[in-house]
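Heads up, the thing below is written out as structure tokens.
Every chain is numbered from 1 and lettered A, B, ... according to where its sequence line falls, protein lines coming before strand lines. Values below: every heavy atom of this structure, side chains too, minus hydrogens, waters and symmetry copies.
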Protein chains: 2
Amino acid sequence: MAGRRKVSNPLALAVMGLLQEKPMHPYEMSATLRERQMDGVFKLSTGTLYDTVESLARNGWIEPRSTVRDGNRPQRTVYAHTEHGHGQFLDWLDEIVRVPAPEYPRFLSAVTYLGALGPERAEEALTERGDRLQEQITRMRAGLEEVMETHALPRLFMIEMEYALHMSAAELEWARSAAREIRTGTLAWPAQAPVAGGEDGS
Amino acid sequence: MAGRRKVSNPLALAVMGLLQEKPMHPYEMSATLRERQMDGVFKLSTGTLYDTVESLARNGWIEPRSTVRDGNRPQRTVYAHTEHGHGQFLDWLDEIVRVPAPEYPRFLSAVTYLGALGPERAEEALTERGDRLQEQITRMRAGLEEVMETHALPRLFMIEMEYALHMSAAELEWARSAAREIRTGTLAWPAQAPVAGGEDGS
DNA sequence: CGCGTTATAGTCGGAGCCGACTAATCGGAT
DNA sequence: ATCCGATTAGTCGGCTCCGACTATAACGCG
């Protein structure tokens, strides 16, 4: 097993993915990602993008192809992936898929201290989350269908949407069920511990 | 609605949670979190912990209570939450639960470029993920039952485990189903695009 | 009673990340 | 002709995060 990966920011994955299509300069990457609404998948901020590109270049995954000057605009450096970079891209992809990495979603941390909210507030909050998730899912589903129809894309091209929808649905299910259990009392609120802690007195 | 939150690292939530129980010094927090296996929920590293505590103090959520010197060991600063901090803690908790925030799980980014792996490699990788997830779920379930039985805790105290299990199960389901769809051909691999984006060979 | 080992407690510098800012150009309205 | 705002393209400083390192005290052992 290797000592931690040189390149680790997921945005680098997006950059590599784009460069498989054709050489680009950073600004074009940014614009393309936004156009394709991939900024819901990769957290995109301009500063980070330029840093990421630089880091990829340092590590030999990509290299400056040309420095074009269009009219009198500031010159843009166009990058292309290297052969080495292409291999790394596939290996990294492969590893991310194969090995589930620990992630730390905010909601999980909040659930850990759900007790602190007390039953009423917790139930309310979970219900609201449920409603918001429902809306979100509806929007995603509509967006997905629209894209599929207008562009007649094969399913594989939107597969990440299917995954996102599946996971959102699972979360919705859990939130609703937890809210219901609080209402009906199936999920009891132990009196002596408003904050999770379970200290034994011994 | 407020301009972005001052304190934003989830580890701060853990710190606040612990301080609801009793005043502590950072090292004790770290030890306690590890003992309770909460380091699976909050990403814990010593450096970050000290930074986080300092930031909480700067923002008035907590304050140094005493500077104890035990024997001749380096003196430890014990912190307690302030009233303001307690309120912020609850509000933050409440907001995290109510409002689903966009998260960027690594697997989602990888799925976006699943096409690049080609059908065989993708199918294999998804299958392996499935197996690993299955193991992980078994381990979590066993751990959960053990804790519940030996400590006789109310369900609420391990509710985050139930959530984690639910989500892992959903992911497992998806991975298995996607792998199956690739095998059976239900999820087709468009020939002209090994990488999402439609590279033409011309 | 010296001596390596583990537990205790924390520091520090560098890398990563982000948002706010800069600056030039182009297209249309005035 | 010119002014305004949007688009194009990128820089920069500060804050956050992290892991590697330091240093002392208690503990067991031959």
Side-chain angles (χ1 to χ4, degrees), chain A residues 2-15 18 23-35 39 42-59 61 64-79 101-104 106 109, chain B residues 2-15 18 23-35 39 42-59 61 64-79 101-104 106 109:
Chain A
R4 215 59 263 128
R5 246 204 171 71
K6 242 77 228 138
V7 178
S8 70
N9 184 197
L11 188 53
L13 208 65
V15 170
L18 290 170
M24 288 190 192
H25 54 97
Y27 185 81
E28 190 179 355
M29 297 175 200
S30 165
T32 308
L33 287 174
R34 260 190 262 272
E35 255 169 52
D39 50 349
F42 304 96
K43 183 163 193 171
L44 176 60
S45 77
T46 73
T48 307
L49 178 61
Y50 284 88
D51 287 344
T52 301
V53 165
E54 205 187 301
S55 153
L56 284 170
R58 260 203 321 276
N59 288 279
W61 294 37
R65 181 52 55 93
S66 61
T67 308
V68 183
R69 156 174 318 255
D70 199 6
N72 223 358
R73 294 216 212 82
Q75 93 261 49
R76 309 153 305 172
T77 306
V78 177
Y79 292 88
E103 314 233 11
Y104 307 86
R106 275 166 156 60
S109 5
Chain B
R4 214 58 264 125
R5 242 194 176 76
K6 242 73 233 147
V7 178
S8 71
N9 184 197
L11 189 52
L13 210 63
V15 169
L18 289 171
M24 288 191 195
H25 54 98
Y27 184 82
E28 189 179 357
M29 296 174 199
S30 166
T32 307
L33 287 175
R34 259 188 262 272
E35 254 169 54
D39 50 349
F42 303 96
K43 184 166 195 167
L44 175 61
S45 76
T46 71
T48 308
L49 179 61
Y50 284 90
D51 287 345
T52 301
V53 166
E54 204 186 302
S55 153
L56 284 169
R58 259 203 322 277
N59 288 280
W61 294 37
R65 180 53 54 93
S66 60
T67 309
V68 182
R69 155 172 321 251
D70 198 5
N72 224 357
R73 293 215 214 84
Q75 93 262 48
R76 309 151 306 172
T77 307
V78 177
Y79 292 87
E103 314 233 11
Y104 306 88
R106 274 165 157 62
S109 3

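As rounded to whole Å, 18 Å separates atom P of D/dT7 from atom CZ of A/Arg76. Note: OH (B/Tyr50) to C1' (D/dC15) measures 21 Å, nearest angstrom. Summarising the geometry, the separation between CE on B/Met29 and P on C/dT8 is reported as 16 Å, rounded to the nearest angstrom. Separating the CZ atom of B/Arg5 from the P atom of C/dC18 is a distance of 19 Å, rounded to the nearest angstrom. A/Tyr104 has its OH atom 9 Å from the P atom of D/dC18, to the nearest Å. Between the P atom of D/dT7 and the CZ atom of A/Arg34 lies a distance of 12 Å, rounded to the nearest Å. Between A/Leu49 atom CG and D/dC12 atom P the separation is 16 Å, expressed in whole Å. Here the P atom of nucleotide D/dA9 and the CE atom of A/Met24 are 13 Å apart, to the nearest Å.
In this structure a side-chain-to-backbone donor-acceptor pair under 3.5 Å is present from A/Ser109 to A/Arg106.
Distances shown here put a side-chain N or O of A/Arg58 below 4.0 Å from the OP1 or OP2 atom of C/dG16. OP1 or OP2 of C/dC17 has at least one side-chain nitrogen or oxygen of A/Asn9 nearer than 4.0 Å.
Residue-level contact check: A/Thr46 touches the bases, meaning some heavy atom is under 4.0 Å from a base atom.
For the side-chain contact (heavy atoms from CB on, under 4.5 Å) test, residues two or more places apart in sequence or in another chain that qualify with B/Ala12 are B/Val7, B/Thr52, B/Leu56, B/Trp92. With sequence neighbours left out, A/Glu28 forms a side-chain contact (heavy atoms from CB on, under 4.5 Å) with A/Lys22, A/Met24, A/His25, A/Thr32.
Two residues are said to be in side-chain contact when any heavy atoms from C-beta on lie closer than 4.5 Å; B/Ser30 and B/Leu44 meet this criterion.
Along DNA chain C, the nucleotide nearest to B/Thr48 and the one nearest to B/Tyr27 differ in position, and the one closer to the 5' end is contacted by B/Tyr27. Looking at which nucleotide of DNA chain D each of A/His25 and B/Lys43 is closest to, the 5′-most match is held by A/His25.
For the residue pair B/Tyr50 and B/Tyr27, the shortest heavy atom distance occurs at OH-N, 3.9 Å.
Side-chain to base pairing of B/Asp51 with D/dC18: one donor and one acceptor N or O lie within less than 3.5 Å of each other.
You'll find that the side chain of A/Ser45 is closest to C/dG19, out of C/dG10, D/dC18, C/dG19.
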